Protein chains: 2
Amino acid sequence: MANIKEIAKESGVSIATVSNIINGKPGAGEETRKRVLETIKKLDYRPNVIAKNLKQKNNRTIGIITEDLTVFNTPDIVDGINEYCDEHNYEFVLGNLRLYKKYDEKFYHSDKYYGRVVDEFKMMESKQVEGIIYVGCHSRNLECIPSNFSIPIVIAYGFDNDKEFSSVIFNDEQGAYEATCKLIEAGHQNIGVIYGAQQSIHAQQRLIGYQRALYDNKILFNPQFIQQGDWSRKSGYEASEIFFEQNVTAIFAMNDLMAGGVYDFFYEKEHKIGTDIAIVGFDNREVSKAYNPSLSTIELPLFEIGRQSAKLLIDMITQPHKEVNPEIYKIDCKFIERKSIYKNIIDKV
Amino acid sequence: MANIKEIAKESGVSIATVSNIINGKPGAGEETRKRVLETIKKLDYRPNVIAKNLKQKNNRTIGIITEDLTVFNTPDIVDGINEYCDEHNYEFVLGNLRLYKKYDEKFYHSDKYYGRVVDEFKMMESKQVEGIIYVGCHSRNLECIPSNFSIPIVIAYGFDNDKEFSSVIFNDEQGAYEATCKLIEAGHQNIGVIYGAQQSIHAQQRLIGYQRALYDNKILFNPQFIQQGDWSRKSGYEASEIFFEQNVTAIFAMNDLMAGGVYDFFYEKEHKIGTDIAIVGFDNREVSKAYNPSLSTIELPLFEIGRQSAKLLIDMITQPHKEVNPEIYKIDCKFIERKSIYKNIIDKV
DNA sequence: TTGTAAGCGTTATCAC
DNA sequence: GTGATAACGCTTACAA
C-alpha cells in the first residue's frame, strides 16, 4: 500500500509537506495542498497508525479489559465506553479474559486467574495504551488489579476497597428503594423480600434500600417478611410458598430470576400476578419482559457505567497532575414499569 | 518505561542481543541470556508492540468489525473468534459500528450507514491488520463491504450473494428440520407453523426444513397449518388463535419470541403447554429457559460461527497463494430439549 | 557469541 | 512555504 513517501514523490513535494497537509497543519500552499490531496485520493493512501503511534507519545488509545464479554452486563458497558471514546476522539483496544469460559463459573472465588489478569494488563502496557478500564462481570471487591502501573486505571462494575483505584458501580440501595416505594405507592404495606445469596454485597445493599423505603413511609419493618434466596429461580419459588402463608400482598425479588420462581408458584396456585399479588424484580434482564404478565423491575445503568468510567479515565489521562482521590461512584438505577404491580385498594382503606 | 536500549546498557550487551534473547532466538550465550533476563525483570521491561509491529510485516493481528456489540448474537461470535485467535496466537482489534444505537433499528433497510462501514474498513487497514471479519447482527445479504481491499475478508452472520467473500452463517433449514422431527418423534402429525416476517430468508429456509421433515416422515403437508407471523410475541398469540380452531397438537414457532405468544394464548385458555399442546421455538434466547414450562428450542451455533470465520480468515492469511472460491458455510444448529414437548400417544394409535 | 547499522512509516525540528 | 533529517523502539542482515 502506498505510504507517505510515495505520495511525496508522486506529487513532487517532500514527505514533511505531505505530513503537514494530512494533519491539517498550517504553512502549506493552497496549490500544493490541493495537489497532494489529489494524489492521496488517487493512490488510495491510508496513513499507517502504527507508525504514527510509535512516533507520537500520546496515541489517544485506552485499553478495555473485560472479564468476560459474553456475560450479560459487559457489552452494554463496553458500548458506553465506546460512545464516550467516539465523542472524545479516543480509540480503544479490547482484551477479553474469557474467565467464565476458561475457568469455572465461580472463578472469582479462587485466585488462579490472577496471573491471566496481570498478563493482560502487561499486554495493554505493551500496546502503549494511555489508560485502562477493567470491566468486571460480577460486582465485587477486586484484588487482582496490579498496583504498580504507571497509567491510570478505572474499574467498571466492581470496586476496590483499598481505594487505590476509582470505580463505577450501580446503586443497589437506591434501586431497591425505588422498587419498594413503587409497591408502597400502589398501596402495599406487607411486602415480602426474596433476598439474594447470603454473603452478597448486592443483597445487603438492596435490603437497606428496602428498609429505608419502609422507614420513609412509616411502615414497620417485619423481619419475617425477609426470605433467604440464592438468586436462583427455584429459591424464588420456595420463598413464595412461605409468603403464601403470610398476609403478604407484594413481593420484592432481588433479581428477575427469583421473580420467575414467584410466577411459577402462583401459576400453580392459580393466583394471578398483577391482580392477586404484586411483584417487582431487579436487573431488567431480557426475561422480565417475557414473563406473563410482564415484570416491573429495576434497570441497571450499564451503559452509563461505561460512559462514566470512560469519562473518569480520560479525565485522568488529560489532567495527569490533578491529584484525584479514588472513589467508588454509584450510578442510579431506573424503575421500569410493567404489569406485575396492581393497586392494593383494600389495604389502603 | 524501560526500553530495549536501557536493558542493553544495563546488562552490558547490545540491543541486538537483547532482542534475540527476548524472542527466543538461538545464538546467545547462557550466561548473557540469564543476565539479560534478570535485568528485564528488574527493570520491569515491557516490549513495545507498536514498534515491533511497525518493523514486522505480519503482525498477527486481525480486525473484527461488529455491526453492534450489544445485539444478542454478537458477543458469542466474537468469543468464538477470540478463542480461535488465542489458540493460534493471533491478536484482534475490535471496531464496533454501533449501528443500532447510531441509526434507527432497521438500519439495514437503508444505506446511510455504508459510509460508516467503509470508514471502519479503512481504519482497520490503517491499523495494519492482516485480515478482517465482519460480524453482522442480522443475517442478510451484505452489500456494504468494500471490494477493493488487499487483505482477506470473511463475513460472520451475514452473507454475500455475489460470492466475493466467504461467509459463515447457521443452517436454518437443518435447524427447522430437527425441530420438526422432534415433534414428529413425539407422535405429532398436525404441526402448526408460525412463520416469521414475510420476506425473511430465515423464515423461508426454516419452512423448507419443516417441509422436508414432513416429507421424510411421509406426512402430508397441509398449507393451512402455516400461519404468517412477524417475529413478534403478539403475532405468535394471533397465530395460536387460529391453531386453536384446527386440530393442531403441536406448534413450531420460528422464534422463541413468537413461542411466547403461544404461551400467552394457551395460558388464557387454561390449556397446558407440554400437556395439551407441544411447542418448539427457535434461537434459544435467554427467555426460552424462563417460560413455564421451559421451551424446547433450537440453539444458534454463534460461538462456532465465530470460530469458523476465524479459521477461514487465518487460513487465507497464512496461505495467501491458495486460490479459494468464496463460499457460504452453514453451521448446524442444535436442538435443546426442555419441557414444552409431550408424547402424543393418542395420535399414534 | 555478540555488535553495528539499516530500516519500518510516521512526526517534528530547524534550516533554507 | 518547503525540505532535510533525526527520532520513535524494535527486528534483522551482516560483520566481527
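Naming convention: chains lettered A, B, ... in sequence-line order (proteins, then strands); numbering from 1 in each chain. Source: prediction; values computed, not measured.
- Looking at residues two or more places apart in sequence or on another chain, you find no ring-ring contact (aromatic ring centres under 6.0 Å, His included) involving Phe165(A).
- Atom CG of Asn48(A) is separated from atom P of dC8(C) by 12 Å (rounded to the nearest Å).
- Salt bridge present: Arg307(B) and Glu87(B) bring a charged side-chain N and a carboxylate O closer than 4.0 Å.
- To the nearest 0.5 Å, the span separating CG on Asp162(B) from CG on Asn141(B) amounts to 6.5 Å.
- Side-chain to base pairing of Lys55(B) with dG7(C): one donor and one acceptor N or O lie within less than 3.5 Å of each other.
- Set against dG9(D), dT11(D), dG9(C), the side chain of Ala51(A) has dG9(C) as its closest nucleotide.
- Nucleotide dC8(D) holds its C1' atom 10 Å from the CD atom of Gln128(A), rounded to whole Å.
- Lys25(A) places its NZ atom 14 Å from the P atom of dT10(C), with the value rounded to the nearest Å.
- A salt bridge links Glu120(A) with Arg116(A): the closest approach of a Lys/Arg side-chain nitrogen to an acidic carboxylate oxygen falls below 4.0 angstrom.
- Taken from CD1 in Ile40(A) to CD1 in Ile4(A), the straight-line distance is 8.0 Å, to the nearest 0.5 Å.
- Counting any heavy atom pair closer than 4.0 Å across all strands shown, Asn23(B) reaches sugar-phosphate atoms only and no base atom.
- The distance between atom CZ of Arg35(B) and atom C1' of dT1(C), rounded to the nearest whole Å, is 12 Å.
- The separation between Asn58(B) atom CG and dT11(D) atom P is 13 Å, rounded to whole Å.
- The separation between Gln56(B) atom CD and dC10(D) atom P is 12 Å, rounded to whole Å.
- The side-chain heavy atoms of Glu67(B) and Phe107(B), taken from C-beta on, include a pair separated by under 4.5 Å.
- Taking the charged nitrogens against the carboxylate oxygens, Lys101(B) and Asp68(B) have no contact shorter than 4.0 Å, which rules out a salt bridge.
- Of the residues in residues 3-22 of chain A, those lying under 4.0 Å from DNA chain C by heavy-atom distance are Asn3(A), Ile4(A), Ile15(A), Ala16(A), Ser19(A).
- Summarising the geometry, the separation between CD1 on Ile50(A) and P on dC10(D) is reported as 14 Å, rounded to the nearest angstrom.
- The NZ atom of Lys52(B) sits 18 Å away from the P atom of dG9(C) (whole-angstrom rounding).
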